[in-house]
*Asks:* 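Before anything else, here's the structure in question.
Counting starts at 1 for both ligands and their atoms, in listed order.
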Amino acid sequence: MEKRDELYRGKAKSVYTTDDADRLVLLFRNDTSAFDGKKVEQLDRKGMVNNKFNAFIMQKLEEAGVPTQFDALLSDNECLVKKLKMIPVECVVRNFAAGSLVRRLGLEEGLELKPSTFELFLKDDALGDPFINESHVQAFGWATPEQLARMKELSLKVNQVLSQLFDAAGLLLVDFKLEFGVFHGDIVLGDEFSPDGCRLWDKETRKKMDKDRFRQGLGDVIESYEEVAKRIGVVL
Ligand code: TMP
Ligand code: ASP
């Protein structure tokens with residue numbers, strides 16, 4: 001496999017074409033952004049940590065029957081993935097209230113949600129990733145009803161698998177965001193799963209171990225990502 005041209009530069013990752021029309025290379029950079037790209041900093045080791053974290057999680061999800069775009073780790077900061085046609089809708093599952101849900105509904109952070117909630121957001125930084133519902137997805141043709149049903153089914157499966165995995169490491173999976181795409185007609189999990197796109201709290205102390213440390217200026221951002229990685233068994 002040969003890495004070719006930069007196809008797309010996101011806030012934290014760059015995407016490259018390869019000599020295989022069905023495969024891309026994802027490069028995880030040290031750039032860390034929040035608030036739809038309004039706060040950006042470089043954090044040492046972040047690209048490496050998130051690349052290896054993502055590879056570990058995607059492999060666990062594949063083993064549990066969730067189709068993912070992940071193929072192989074290529075280097076500290078790069079992995080090989082299937083080229084998906086991305087659906088511009090972010091799927092968020094929540095087990096405890098935090099972040100925008102707390103702001104929207106005026107809740108106390110940490111309230112347990114039973115059953116877990118499933119929400120949709122439009123992936124559009126300029127609009128601030130607005131909250132949307134199923135009818136918007138249909139009206140604007142972002143996904144078919146069948147595709148959306150599959151995205152929801154896979155999101156809840158991911159929640160089941162990863163809640164258990166993090167629980168065994170003394171961590172609460174508070175919430176997370178997933179992005180899906182289409183590969184040869186099937187819905188496949190794309191993008192990444194790392195502490196950048198989820199909330200993880202220590203079960204005993206409720207200490208925040210995810211990107212909220214960056215958003216809220218709490219410090220020790222990458223040290224916390226590394227601690228989570230160590231607890232679940234990611235080799236860095
Ligand atoms: P929220 O509380 O800001 O809506 O975010 C819910 C979860 O989804 C949280 O773990 C952060 C993640 N998320 C992203 O990673 N990127 C996004 O653009 C959005 C809207 C959420
Ligand atoms: N990932 C988004 C951004 O970089 C949202 C966030 O994580 O706050 O702005």
*Asks:* What atoms in ligand 2 come closer than 4.0 Å to a heavy atom of D36?
*Replies:*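 The list of qualifying atoms is 3 (C), 9 (O).
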*Asks:* For E134, I'd like to know if atom CD has over 12 heavy atoms of other residues, nucleotides or ligands within 6.0 Å.
*Replies:* no
*Asks:* Would you please test F28 and S14 for side-chain contact (heavy atoms from CB on, under 4.5 Å) and show each step?
*Replies:* CA-CA 7 Å; F28 287 72; S14 300; over 6 Å; no
*Asks:* If you measure only the distance, is there a donor-acceptor pair under 3.5 Å linking the side chains of T32 and E41?
*Replies:* no
*Asks:* Does ligand 2 come near enough to D125 that some N or O of the ligand is less than 3.5 Å from an N or O of the residue?
*Replies:* no
*Asks:* Validate the cation-pi geometry between R206 and F96: distance from NZ or CZ to the six-membered ring centre under 6.0 Å, angle to the ring axis within 45°.
*Replies:*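 Output yes; distance and angle both within limits.
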*Asks:* Looking only at protein heavy atoms, which one is nearest to atom 20 (C) of ligand 1, and what is the separation?
*Replies:*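 Result: E90 OE1, 3.3 Å.
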*Asks:* How far is atom 7 (C) of ligand 1 from the closest protein heavy atom, and which atom is that?
*Replies:*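 Protein heavy atom at minimum distance: D175 OD1, 3.5 Å.
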*Asks:* Is it possible for you to check whether R199 lies under 6.0 Å from the centre of the six-membered ring of F176, through NZ or CZ, and within 45° of that ring's axis?
*Replies:* no
*Asks:* Looking only at protein heavy atoms, which one is nearest to atom 14 (C) of ligand 1, and what is the separation?
*Replies:* K177 CE, 3.5 Å
*Asks:* Measuring from the heavy atoms of K211, does anything fall under 4.0 Å of ligand 1?
*Replies:* no
*Asks:* D129 versus ligand 1: do any nitrogen or oxygen atoms come within less than 3.5 Å of each other?
*Replies:*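 Yes, D129 has an N/O under 3.5 Å of an N/O on ligand 1.
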*Asks:* Of all the heavy atoms in D36, does at least one lie under 4.0 Å from an atom in ligand 1?
*Replies:*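 Checking ligand 1 against D36, which is what was asked, there is no heavy-atom contact under 4.0 Å.
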*Asks:* Is R215 near ligand 1, meaning one of its heavy atoms is under 4.0 Å from it?
*Replies:* yes
